[in-house]
Structures are given as C-alpha cells and as structure tokens.
Enquirer: 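Before we start, here is the structure in question, set down as structure tokens.
We number each residue from 1, following the sequence as shown. Both counts, for ligands and for their atoms, begin at 1 and track the order of listing.
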Amino acid sequence: MSRFQIPTDRDASGRSLGEEELAWLAAVIQSGSLNSNSGPMVRSFETEFAEHQGMASCVACNSGSFAVQAALAALELPRGSSVVTTAVTDFGALTALLYEGLQPRFCDVDPLTLQPTAATIARALDEPAQGSLGTEPVSAVILTSLFGRPSEAERVAALCAERGLPLIEDAAQSLETLRGGRRIGSFGQISTFSFQQGKHITCGEGGAILCDDEALARRVRLFVNKAWPYGEPNPDHLFVAPNGRMTELQGAVLRGQLAKLPGLVERRIATAARFLEEIDPTVGVAHPGLDDGDRHSFWRIALEVDGERVRGGADGLAQALRELGIPCAPHYVGKPAFALRAFRDLGAAEDLADYPGIHRGLERVLVLPWNEGIGMELARKMGQALHVAAEGLRA
Ligand SMILES: *Cc1c(COP(=O)(O)O)cnc(C)c1O
C-alpha cells in the first residue's frame, strides 16, 4: 500500500492563509504602524473576536501561555495560593501559574476524555494529593477543554460558584466548541485562547483573553501593557507587569483567519465524522460520544485504544499508522505535568497511582492531528486504514 500524504498544520497544506490575510497585512505595512498602540488592527481584531464569542471584552496578547498568566494576574489571586488545574495540558498553561507566584494543585481527569470533571475538581479542592506543590488554600480553578471536545463546563462553573472561586477557562484547543449549545469560554469569569501555528486559527504565535467584566478587562489590558494605562488621564506604570502585546502584523493575519473560522471548523467536523464512520468499535478503537447540545470542534481526534483487543495497545496501533504515513501521538503529552523534570525540580512529588484517570487515560489514548486541509475522501481512506490496521492487530 502506498503511504499517505497527510496535510499538516505546519505548512500551507493544512492551513487556510491567503488573500484576506495578505490584504490586511498590506494595509499594516502601508500604514507604517506595526505596534498595537499605534495602529487599529489588533483593536479591530479584539472587537471582532469579542463579538464572535458573545463576550463584552477581549484583550489580545502574544501567546496562549501569556493569556493564562494575564488572566491569573488580573484576578489578583493571593501570592502563594493554590490553583486547581489539570496535569494533562500544555506546559505553558502551567508555568503561567508559577510566574504569578501561584502553585498548581493537580486534579484527576475522566479517563475517557482526559478532561477534568466537577467530581475530580471537587476532590482536589477538598484535599491536595500526597506530594502536591499546591498545599495552600485554593484561590481559583482552571478548566481546560482538550482536543476541541467540550468539558462539563456548566457543572464545573456551578461547583466554583458554590465554593466562591473564580473559574478560568483555557479554551486554547476549543474554539467553536459548544457545551449544551453554549460556547466553551463563556462559562467562567475569564477565558483564554491561543493562536499558535497549530491551533484552529493562527498568526504564528498569539493569544487572547475574554471576559464580561469591565474592571477585570482593564486589569488584563494593563498587565499586557507593562501596566501603562494608555488613554487614561495621568498615566503611570501602576504595578509590575511585562510586555505581552500582539503586533499589528499578527492582528492583521488574525482578522483574516477569524472571518474563516466557522467554515474551517465545519469542515473539520464533517471530515472527522467521515473518518470516524469507518471505524467499527468492535476492533477495540472508540471515540467517546457527546451529550445533546455539545459540539466537538476537532482540533485533534483523540481515540481510546483497548489494549486487550488491540495488540500493543495505543503504541502498537501508532506504529502501524506511522508505517502508513499517518501521523499520530500515542499517550498524547506522554506524562502528566507533575512527572516533568521542571516540576520535579520544583518539588512536585505526586504519585501517578493517586491519579487513576490520568493513568488509564494516557495509557489508552491515541491522538491524531486534524486540520482543514484534510478532505472527505482522504478522511474516509484514513478511517478505513485505521480500521484495517486495528483489525490486523486483533489480540
Ligand atoms: C496551546 C495551548 C496553550 C499555550 O498556548 P501558546 O500559544 O502555545 O503559548 C495553553 N493551553 C492549552 C490547552 C493549549 O493547547
């Protein structure tokens, strides 16, 4: 069998950058204003993105990691306090905590979806795990919806309200994702996004913070701008804050990208459905279902591989797929954050045995990158190939 040529989000084959982005970019170059405090492009993107998401305020910044840091800073959480978050996420979302003088208190996840649930968060709130960095009282919760799949955000929001804790939604992987008909990123006090090369839409590197609270939005904007209140009377640097600004060039690209976003995600959803249709769960490969009103925006396709039915489990299937030219990541991030060198060196001493959901979830998950360059026919062939590969590994 000939090897697959799969479009990738690392280059034009799996990205949708074109005339629209070029036109906005040309306008920036011609204007000579490349900084967002001089030109209109980032401000226009902020207005358009807030409106698209149905939120009052948006502040753009230079990365999704910085967006998390800005959200934490703007909430003015007590230094040294703990923040409940997942250990299965992007490293940048976690270092943001440490830069703000906060400590992660990791919660377990649902082994099927690798997402935190209201139950796993409640458990972490009530007691830190043995060896946790986050032993001080909890001041906030971060909820991350992975792969474009909605987490049970309404339950987590209710839990946070009950405990009087602000909820930050890290929606970097979940643009256009719906939970019960409502957008992921609209359930908490504040939400964060990433526009890095491999996300749903991109300007190379970039991020945004959304909220519905004017005072909170002002503090976010100050944090992104070295705490300089542009446009206010008697400005002064009001507190210690870094420069996390997005440039006009990035804003220009994002305006083009945002206009395409709904169509791009519709395409991902259609091709992912075509792919999944080809896989009969009897071969030991499953894709967890969705609740009514949920929409998965398929940033990635995370499959659950049953090691008792597929020889070699996620690793065995990954090897077979790679031989066919289909890229995939068994075990997603590989290990939970608390097992990373950087966190170990800080004193993290959690035991994976205390996180059965993470253990089982990471062991069984096989993650396929997905993008808008994948067409219906290729999706069908990939699904068929995966089905045949799994069948060939029947234990
Ligand atoms: C990508 C990502 C981030 C970090 O975004 P960067 O733009 O790469 O800094 C944070 N959280 C999650 C869940 C992500 O997927």
Enquirer: Are Phe195 and Phe49 an aromatic pair by the rule of ring centers under 6.0 Å?
Expert: yes

Enquirer: Can you work out which protein residues put a heavy atom within less than 4.0 Å of ligand 1?
Expert: Ser63, Gly64, Ser65, Thr89, Asp90, Ala93, Thr144, Asp170, Ala172, Gln173, Ser194, Gln196, Lys199, Gly206

Enquirer: Report yes or no: does Ser145 contribute a side-chain atom to a donor-acceptor pair with the main-chain N or O of Ser151 at less than 3.5 Å?
Expert: yes

Enquirer: Going through the checks in order, is the side-chain contact (heavy atoms from CB on, under 4.5 Å) test met by Phe223 and Phe239?
Expert: CA-CA 8 Å; Phe223 187 79; Phe239 53 89; 4.2 Å; yes

Enquirer: Testing Glu48, Glu21, Gln250 for side-chain hydrogen bond (donor to acceptor under 3.5 Å, both in side chains) with Arg255, which one passes?
Expert: Glu48

Enquirer: So which of Arg268, Glu266, His200 actually passes side-chain hydrogen bond (donor to acceptor under 3.5 Å, both in side chains) with Ser297?
Expert: His200

Enquirer: Hydrophobic clusters join Ile, Leu, Val, Met, Phe, Trp and Tyr when side-chain heavy atoms are under 4.5 Å apart, directly or via other members; which others share one with Met376?
Expert: none

